[in-house]
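Below you'll find the structure, written out as structure tokens, and then a few comments.
Every chain is numbered from 1, with letters handed out A, B, ... down the list of sequences.
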Amino acid sequence: AAGVIQSPRHLIKEKRETATLKCYPIPRHDTVYWYQQGPGQDPQFLISFYEKMQSDKGSIPDRFSAQQFSDYHSELNMSSLELGDSALYFCASSHSERYGYTFGSGTRLTVV
Amino acid sequence: RKEVEQDPGPFNVPEGATVAFNCTYSNSASQSFFWYRQDCRKEPKLLMSVYSSGNEDGRFTAQLNRASQYISLLIRDSKLSDSATYLCVVNDPSGTGTASKLTFGTGTRLQVTL
């Protein structure tokens, strides 16, 4: 079965650089979520999209932005990277909340 | 106080043991509840949705008590492969959007040993 695809799997950037993370949800899933998970922490909600419109925002810094495109894939853009942005970034998609959310394998971002 | 609280871990149990995880949530408006399992450096994977009537899937049983805002997960006859972090996850419908976000507990680490 198709899963949520994230790219790249690993990314190393220097401070103040820019990064773009991509997410391809499961076909026919209408909602995409982005989460950030720091070392030893639980995933923190960043932002979500429903039918290509921004649905909700969590603890997403102003340096980050995201969008969902006509083909339902989503991109998380991160600028002026800081050391503290180093984390696992997960994308999840769902069709109906009752049946849960499927997570992608994540992008491990390391800022040096 | 965190919105979703779980037993602090780690739980170290021998193979074959029964282990129970507990979780409480603070948002009484939450309507969807899940248990996820997360292996080290991997993505969370849905283990079970949790319904008011309780549900069972093989060795796993989940219960929800809305009045107490309490969720539990029971694992019977634990296997070595059950070793992972178990995350209690609750939806938060308080946002402005159509799709409610998920709030995660900090997770409980389970280590099953021979």
Side-chain angles (χ1 to χ4, degrees), chain A residues 1 3-6 9-10 23 25-26 29-60 66 68 72 74 87-110, chain B residues 2-10 21 23 25 27 29-53 55 57 60 62 64 71 84-109:
Chain A
V4 178
I5 308 296
Q6 288 188 249
R9 291 294 304 274
H10 303 274
C23 169
I26 291 173
H29 278 196
D30 51 23
T31 310
V32 168
Y33 308 80
W34 285 97
Y35 285 83
Q36 176 193 58
Q37 187 174 27
Q41 298 179 1
D42 49 290
Q44 295 295 314
F45 172 72
L46 292 178
I47 194 167
S48 63
F49 294 88
Y50 173 73
E51 284 292 343
K52 294 165 279 185
M53 299 287 289
Q54 184 180 303
S55 178
D56 208 351
K57 280 182 84 169
S59 50
I60 184 169
Q68 189 176 29
Y72 289 88
S74 178
L88 261 174
Y89 290 83
F90 290 112
C91 171
S93 73
S94 72
H95 177 64
S96 168
E97 288 181 13
R98 181 172 172 81
Y99 302 109
Y101 306 71
T102 303
F103 283 79
S105 300
T107 294
R108 181 169 295 280
L109 172 68
T110 303
Chain B
K2 281 187 67 69
E3 294 178 48
V4 179
E5 296 204 36
Q6 293 186 239
D7 281 348
F21 300 129
C23 169
Y25 61 95
N27 188 344
S30 295
Q31 296 177 6
S32 300
F33 310 90
F34 310 95
W35 283 101
Y36 277 76
R37 102 170 243 166
Q38 186 172 27
D39 294 282
C40 189
R41 301 167 74 88
K42 298 283 185 68
E43 76 274 22
K45 291 188 176 175
L46 179 64
L47 185 64
M48 299 177 76
S49 300
V50 189
Y51 307 120
S52 295
S53 54
N55 46 304
D57 182 4
F60 299 84
L64 166 65
I71 306 163
T85 296
Y86 289 82
L87 298 162
C88 177
V89 183
V90 175
N91 84 314
D92 177 1
S94 62
T96 56
T98 305
S100 55
K101 66 176 184 179
L102 295 178
T103 301
F104 287 76
T106 49
T108 304
R109 177 98 178 96

### Message
Taking every non-hydrogen pair under 4.5 Å, which of A/Gln41, A/Gln44, A/Gln37 racks up the most with chain B?
### Response
A/Gln37

### Query
Which residue out of A/Gly106, A/Gly104, A/Gly58 racks up the most heavy-atom pairs below 4.5 Å with chain B?
A/Gly104

#### Entry: Donor-acceptor contact below 3.5 Å, side chain A/Tyr35 vs main chain B/Leu102
yes

### Query
Which atom pair, heavy atoms only, marks the closest approach of A/Phe45 to B/Lys101?
CD2-CD, 3.3 Å

### Query
Would B/Glu43 and A/Gln6 count as a side-chain hydrogen bond (donor to acceptor under 3.5 Å, both in side chains) if you check the C-alpha gap in whole Å, the side-chain angles of each, and the deciding distance to 0.1 Å?
CA-CA 11 Å; B/Glu43 76 274 22; A/Gln6 288 188 249; over 6 Å; no

#### Entry: Which atoms of A/Glu51 approach chain B - backbone, side chain, both or neither, heavy atom under 4.5 Å
neither

### Region of A/Phe103 in contact with chain B, defined by heavy-atom distances below 4.5 Å
both

### Query
Where do A/Tyr101 and B/Tyr36 land on the ring pair (Phe, Tyr, Trp, His ring centres under 6.0 Å) test, with the steps shown first?
CA-CA 10 Å; A/Tyr101 306 71; B/Tyr36 277 76; 7.4 Å; no

### Summary
So CD of B/Gln38 and CG of A/Leu88: to nearest 0.5 Å the spacing works out to 7.5 Å

### Query
From A/Ser105 OG over to B/Arg41 CZ, what is the distance, rounded to the nearest 0.5 angstrom?
13.5 Å

### More than 12 heavy atoms from other groups under 6.0 Å of NZ on B/Lys2
yes

